[in-house]
**Q** 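I am attaching a structure below and will ask some questions about it afterwards.
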Amino acid sequence: MKSGNEETKTRLSAAEVRRALRRFSNREKAEFFPRFFKTDPENRAEGDLFLGVTVPEQRGVAKTFRDLPLEEIAKLLADTTHEFRLTALIILVTQFTKSRSETERSRLLDFYLANLDAVNTWDLVDTSAHKILGESLVGRTLEERRAFLEPLADSEAWSRQRVAVVACFPLIKRSEFSEILWLAESFVAHPHDLIQKAVGWMLRETGKRDLEVLRVFLTEHAAVMPRVMLRYAIEKMDPVERKQWLGWRTHQSG
């Protein structure tokens, strides 16, 4: 006869996670989600399947399977069903966040980076990048941080580039702006709207901590920034100043 712990371990499988998620399947949401998550060839999520499971429902399932082994998480990340991958990342983030072992956190980070091909929509990036890679950058030297971020920034995949940008969030929260300013300058004329939005978002967060740092960056680059990036960056500014920056951009670029 199996003990309670043995029975729990038996249930902690990718197959059981899939089964739990399918119970929440919603056809109407499943038809809407592909448009919401931009599952087209340009956005690298072409072919994603959807069950129509909401994020709160996925978080509930992830809580039940929070101790899922990495080999089972890998099976979910390899799946074409979007909710399976997102739930897998929520579980991975939970394991990383709760771990107090540097060895274990390093193992989880390596696993995350090795499976970035599965992190290929904006919501998958935004759920995981700052929580795993971003927190791993805290306390490291500039050279160590760049060793993680440069290969992602140099990638041809917008999703990996967005991972690099969003990973800067924990540093920004600590008023450490070198990495986001470097990436923002590199991507200041980026053609993809999901990079434009991510850079603008992180610049906005920078301005919330130090408005003068944001103003200096805008003075140098606003004239060539895509409008959506600029709008995201200045969103929390005083309305009068927002109008000035938008007008300044139009004047300079014209």
**Q** Take R231 and L246 through the test side chain to side chain contact (heavy atoms under 4.5 Å, CB included) and record every step on the way to the result.
**A** CA-CA 8 Å; R231 283 190 173 278; L246 289 170; 3.8 Å; yes
**Q** What verdict does the salt bridge (charged side-chain N to carboxylate O under 4.0 Å, His left out) test give for R242 and D238, after you've listed the backbone C-alpha separation in whole Å, the side-chain angles of each residue and the deciding distance to 0.1 Å?
**A** CA-CA 6 Å; R242 284 205 309 271; D238 176 90; over 6 Å; no
**Q** Do V138 and L133 belong to the same hydrophobic cluster, where Ile, Leu, Val, Met, Phe, Trp and Tyr are linked whenever their side-chain heavy atoms lie under 4.5 Å apart, directly or via other members?
**A**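 In one cluster: yes.
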**Q** Taking side chain as C-beta onward, heavy atoms only, is H82 less than 4.5 Å from V53?
**A**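 They are not in contact (no side-chain heavy atoms under 4.5 Å apart), so the answer is no.
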**Q** Could you tabulate the donor-acceptor pairs under 3.5 Å formed by side-chain atoms of residues 216-225, not counting sequence neighbours?
**A**
{"unit_1": "T219", "atom_1": "OG1", "unit_2": "R215", "atom_2": "O", "d": "2.8"}

**Q** Can you confirm whether D67 sits close enough to I91 that some side-chain heavy atom of one is under 4.5 Å from a side-chain heavy atom of the other?
**A**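 With C-beta onward as the side chain, the pair stays apart.
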**Q** Apply side-chain hydrogen bond (donor to acceptor under 3.5 Å, both in side chains) to E144 and list each qualifying residue two or more places apart in sequence or on a separate chain.
**A**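 Only T141 meet the side-chain hydrogen bond (donor to acceptor under 3.5 Å, both in side chains) criterion with E144.
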**Q** Identify, with sequence neighbours excluded, every residue that meets side-chain contact (heavy atoms from CB on, under 4.5 Å) alongside A129.
**A**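 With sequence neighbours excluded, A129 shows a side-chain contact (heavy atoms from CB on, under 4.5 Å) to Y112, V125, V163, V166, given in chain and number order.
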**Q** Under the rule for side-chain hydrogen bond (donor to acceptor under 3.5 Å, both in side chains), what residues qualify as partners of R209, not counting sequence neighbours?
**A**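 If we apply the side-chain hydrogen bond (donor to acceptor under 3.5 Å, both in side chains) test to R209, skipping adjacent residues, the hits are E205.
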**Q** In terms of side-chain heavy atoms, does Q58 have a donor or acceptor partner in T87 at a distance below 3.5 Å?
**A**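 There is such a pair (donor and acceptor under 3.5 Å, judged by atom type) between the side chains of Q58 and T87.
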**Q** Any non-hydrogen side-chain atom of L149 less than 4.5 Å from a side-chain atom of W182?
**A**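 L149 reaches W182 side chain to side chain.
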**Q** E72: which residues meet the salt bridge (Lys or Arg N to Asp or Glu O under 4.0 Å) condition with it, sequence neighbours left out?
**A**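 By the salt bridge (Lys or Arg N to Asp or Glu O under 4.0 Å) rule, E72 matches K75.
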**Q** Using a distance-only test with no angle check, is there a side-chain donor-acceptor pair under 3.5 angstrom linking R85 and N120?
**A**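 There is such a pair between these side chains.
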**Q** Of all residues at least two apart in sequence or in a different chain, which pass the side-chain contact (heavy atoms from CB on, under 4.5 Å) check with T206?
**A**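 Applying side-chain contact (heavy atoms from CB on, under 4.5 Å) to T206 gives I172, F177, I180, V213.
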**Q** Report the residues that fulfil salt bridge (Lys or Arg N to Asp or Glu O under 4.0 Å) with R145, sequence neighbours left out, ordered by chain and then residue number.
**A**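 Result, salt bridge (Lys or Arg N to Asp or Glu O under 4.0 Å) vs R145: E176, E179.
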**Q** Report yes if some heavy atom in the side chain of F111 is under 4.5 Å from a heavy atom in the side chain of N115; otherwise report no.
**A**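 Yes - at least one pair of side-chain heavy atoms lies under 4.5 Å apart.
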**Q** Going by salt bridge (Lys or Arg N to Asp or Glu O under 4.0 Å), name the residues that satisfy it together with E235, two or more places apart in sequence or in a different chain.
**A**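 Partners of E235 under the salt bridge (Lys or Arg N to Asp or Glu O under 4.0 Å) test: R204.
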**Q** Excluding sequence neighbours, so at least two apart, what forms side-chain contact (heavy atoms from CB on, under 4.5 Å) with D110?
**A**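 Residues passing side-chain contact (heavy atoms from CB on, under 4.5 Å) with D110: S106.
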**Q** Can you name the salt bridge (Lys or Arg N to Asp or Glu O under 4.0 Å) partners of K173, sequence neighbours left out?
**A**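 Testing K173 for salt bridge (Lys or Arg N to Asp or Glu O under 4.0 Å), a comparison that skips the adjacent residues, returns none.
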**Q** Side chains of Q161 and H190: do they bring a donor and an acceptor to under 3.5 Å?
**A**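 Yes, side-chain donor-acceptor contact under 3.5 Å.
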**Q** Taking side-chain hydrogen bond (donor to acceptor under 3.5 Å, both in side chains) as the test, write out the residues that go with D126, two or more places apart.
**A**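 R162.
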**Q** Has E83 got a side-chain atom pairing as donor or acceptor with T54's backbone, closer than 3.5 angstrom?
**A**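 Pair absent, no side-chain N/O of E83 close to backbone of T54.
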**Q** Residues in side-chain contact (heavy atoms from CB on, under 4.5 Å) with S136, at least two apart?
**A**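 side-chain contact (heavy atoms from CB on, under 4.5 Å) list for S136, sorted by chain: F96, L109.
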**Q** Please report the C-alpha distance between S13 and E16 in whole Å, then the side-chain angles of each, then the deciding distance to 0.1 Å, and finally whether the side chain to side chain donor-acceptor pair (under 3.5 Å) criterion is met.
**A** CA-CA 5 Å; S13 68; E16 288 298 325; 4.9 Å; no
